[in-house]
There are 2 protein chains.
Amino acid sequence: MDGQRAARHPAGLRELKKQRTRDALLRAALELFTTRGYEETTVDEIAEVVDVSQRTFFRYFASKEEAAFTIQSMVESYFVAELRRRPARETPFEAMHNAVLDAWNSINEAIEALVPVELHLRTYRLIESTPSLLAAHLRRATELEERVALVIAEREGLDVETDPRPRVAVAAFSGVMRVTGRLWGQRETGLDGLLELTESYLDQLVPTLAGDWPRTRGS
Amino acid sequence: MDGQRAARHPAGLRELKKQRTRDALLRAALELFTTRGYEETTVDEIAEVVDVSQRTFFRYFASKEEAAFTIQSMVESYFVAELRRRPARETPFEAMHNAVLDAWNSINEAIEALVPVELHLRTYRLIESTPSLLAAHLRRATELEERVALVIAEREGLDVETDPRPRVAVAAFSGVMRVTGRLWGQRETGLDGLLELTESYLDQLVPTLAGDWPRTRGS
DNA sequence: AGGCTAATGACAGCGTCTGACAGTTGACCA
DNA sequence: TGGTCAACTGTCAGACGCTGTCATTAGCCT
């Protein structure tokens, strides 16, 4: 349902156990996914690591897939939150750009509360390289796009249904984000490399679309 | 494997029967998908309509999903073919834009040889509105993007690995295409409506990204 | 006609996921 | 403290997608 789970709920031994089970299942799942491969990991194996029945796994996660995207959901929530926080003076593009940077900087501790960040990065690479997970990832991305488009429209005082610009801007922006995300997954650079890559790609978007491509090869 | 199947193969009763079976399976699948829903249709039901064992279905289609995307694959091939045919003087964006228009105009008869075009349009809407199919659709779209980026890079004499512009341009372009495709799927307009919508959205891409959004509401 | 080979059907099996039912355990109250 | 209720869980059974195997059928070729 939500992304953040902290020590805020009324406690209770029951709640505690539930969270423990869920966290254990999540960690076990991601660990198995990233070492053995997603398709090669069965839900029974995950459940067995946590000493729980397969049925119980499906009570915490609607699907095997959902476990793989738990952290990703959190990141998305952070991004949207940061986007809403951007000052109105920024252009839509600047706002999205800055929201991405801010989100990456502030999300780390929230992730670490659930699983090691390093495990999450491995999971991200896995998603990018596993066809079925990549498909799910892209669909989730478009759902996020819709949410973002609504935020942008609100910022600019526009109606998404009559004015195409919010959706067009978001589509172009996320297109670039996807490309950089994929390239980063293929290469070996760390998280800093991603930020750098994203920066340079975003900067080139407008001139690229303008049409004339001077052969200023950067080799 | 390929998309086009015409009366060119050496005939032979065997080949004939195979094509008949495949076509029948395809039509039955799409018909059931679009009436009953994708998830609600079982492979057994499809096979039963064609009087064939379930095993045989999987000999013609690697998956239930593959059947749903058969026509889509053809369309994609046509698009790439048209793109290669665009004159070098056009900018990358113009070339993609024109290739889309040309492909839509020339593909209709090829589709009709397999299934009624109307059935294909219904199938497209189904894909857009069925989560699992939408996910697959988006993944396929990114694979197409990669092919297109290579073509663009070749046109411009660039190297995709060192110059980000081909991928960035393609990503932005397909982002817009996806938005229009989705909107068209939600609304009730015919094929002409799609072309019109795509035209207007593509035209607005560059000014939209430029940043300043004059409040010239089009209501 | 008869042999060769490709296509099919029938069957068994794996893995994801769901529904139904029963047992256990924590929460709450008298 | 003990008992009741609700939540959580395990077990079982089954649907469905998909695959391997093997015997059978049907087109093809000489």
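Proteins come first, then strands; the chains are lettered A, B, ... in the order of their sequence lines, and each starts at number 1. Given the structure is predicted, the values throughout are model-derived calculations rather than measurements.
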Is B/Thr56 near enough to C/dG9 that one of its side-chain N or O atoms lies under 4.0 angstrom from OP1 or OP2?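 Checking C/dG9 against B/Thr56, a side-chain N or O does come within under 4.0 Å of OP1 or OP2.
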Can you tell me if A/Tyr60 touches the phosphate of D/dC8, counting only side-chain N or O atoms and a distance under 4.0 Å to OP1 or OP2?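 It does not, given that no N or O in the side chain of A/Tyr60 lies less than 4.0 Å from OP1 or OP2 of D/dC8.
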Distance, rounded to the nearest Å, where [X] contributes [atom1] and [N] contributes [atom2]:
X: B/Phe61; N: D/dC16; atom1: CZ; atom2: P; answer: 20 Å
X: B/Phe57; N: C/dG9; atom1: CZ; atom2: P; answer: 14 Å
X: A/Leu25; N: D/dC8; atom1: CG; atom2: C1'; answer: 13 Å
X: A/Glu65; N: C/dC17; atom1: CD; atom2: P; answer: 8 Å
X: A/Lys64; N: D/dG17; atom1: NZ; atom2: C1'; answer: 13 Å
X: B/Gln19; N: C/dA7; atom1: CD; atom2: P; answer: 12 Å
X: A/Arg22; N: D/dA7; atom1: CZ; atom2: P; answer: 19 Å
X: A/Lys18; N: D/dA7; atom1: NZ; atom2: C1'; answer: 8 Å

Please determine, for the side chain of [X], which listed nucleotide ([options]) has the closest atom?
X: A/Arg55; options: C/dT18, D/dT9, D/dT21; value: C/dT18
X: B/Ser63; options: D/dT9, D/dC18, C/dT16; value: D/dC18
X: A/Thr21; options: D/dG17, D/dT9, C/dG9; value: D/dT9
X: B/Arg59; options: C/dG9, D/dG10, D/dC8; value: C/dG9

Between [X] and [Y], is there a side-chain N and carboxylate O pair less than 4.0 Å apart?
X: A/Glu128; Y: A/Arg178; result: no
X: A/Glu76; Y: A/Arg140; result: yes
X: B/Glu146; Y: A/Arg182; result: yes
X: A/Arg36; Y: A/Glu31; result: no

Give me the distances for all protein-to-nucleotides 27-30 of chain D N/O pairs that come in under 3.5 Å?
from	atom 1	to	atom 2	distance (Å)
D/dG27	OP1	B/Lys17	NZ	2.8
D/dG27	O3'	B/Arg14	N	3.3
D/dC28	OP1	B/Leu13	N	2.7
D/dC28	OP1	B/Arg14	N	2.9

Could you check whether the rings of B/Trp184 and B/Tyr124 sit parallel, tilted or perpendicular, using 30° and 60° as the cut-offs?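 Rings of B/Trp184 and B/Tyr124: tilted, 30 to 60°.
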Aromatic rings B/Phe173 and B/Phe93: how do their planes relate, parallel, tilted or perpendicular, breaks at 30° and 60°?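 Perpendicular: the ring planes of B/Phe173 and B/Phe93 meet at over 60°.
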Whichever of A/Ala62 and B/Ser53 has its nearest DNA chain C nucleotide further upstream toward 5':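 Here B/Ser53 is the residue nearer the 5' end.
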By a strict heavy-atom criterion of less than 4.0 Å, which residues belonging to residues 127-135 of chain B are in contact with DNA chain C?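 Contacts with DNA chain C under 4.0 Å: none.
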Near-strand residues of residues 37-52 of chain B, defined as heavy-atom separation under 4.0 angstrom from DNA chain C: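 Heavy-atom cutoff 4.0 Å gives B/Asp51, B/Val52.
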Taking ring-ring contact (aromatic ring centres under 6.0 Å, His included) as the definition, give me every residue that meets it alongside A/Trp104, ordered by chain and number, with sequence neighbours left out.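 Counting only residues at least two positions away or on another chain, A/Trp104 forms no ring-ring contact (aromatic ring centres under 6.0 Å, His included).
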By side-chain hydrogen bond (donor to acceptor under 3.5 Å, both in side chains), which residues pair with B/Gln72, not counting sequence neighbours?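 B/Gln72 satisfies side-chain hydrogen bond (donor to acceptor under 3.5 Å, both in side chains) with no residue once adjacent residues are dropped.
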To the nearest 0.5 Å, tell me how far A/Tyr60 OH sits from A/Thr21 OG1.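 The OH atom of A/Tyr60 sits 4.0 Å away from the OG1 atom of A/Thr21.
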Judged by atom type as modelled, is there a donor-acceptor pair below 3.5 Å linking the side chain of B/Arg155 to the main-chain atoms of B/Arg86?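 Yes.
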How would you list all residue pairs meeting salt bridge (Lys or Arg N to Asp or Glu O under 4.0 Å) that involve residues 46-70 of chain B, not counting sequence neighbours?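 Those involving residues 46-70 of chain B are B/Glu65-B/Arg139.
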Give the intermediate values and the outcome of side-chain hydrogen bond (donor to acceptor under 3.5 Å, both in side chains) for residues B/Glu39 and B/Ser132. CA-CA 9 Å; B/Glu39 308 287 2; B/Ser132 64; 2.8 Å; yes
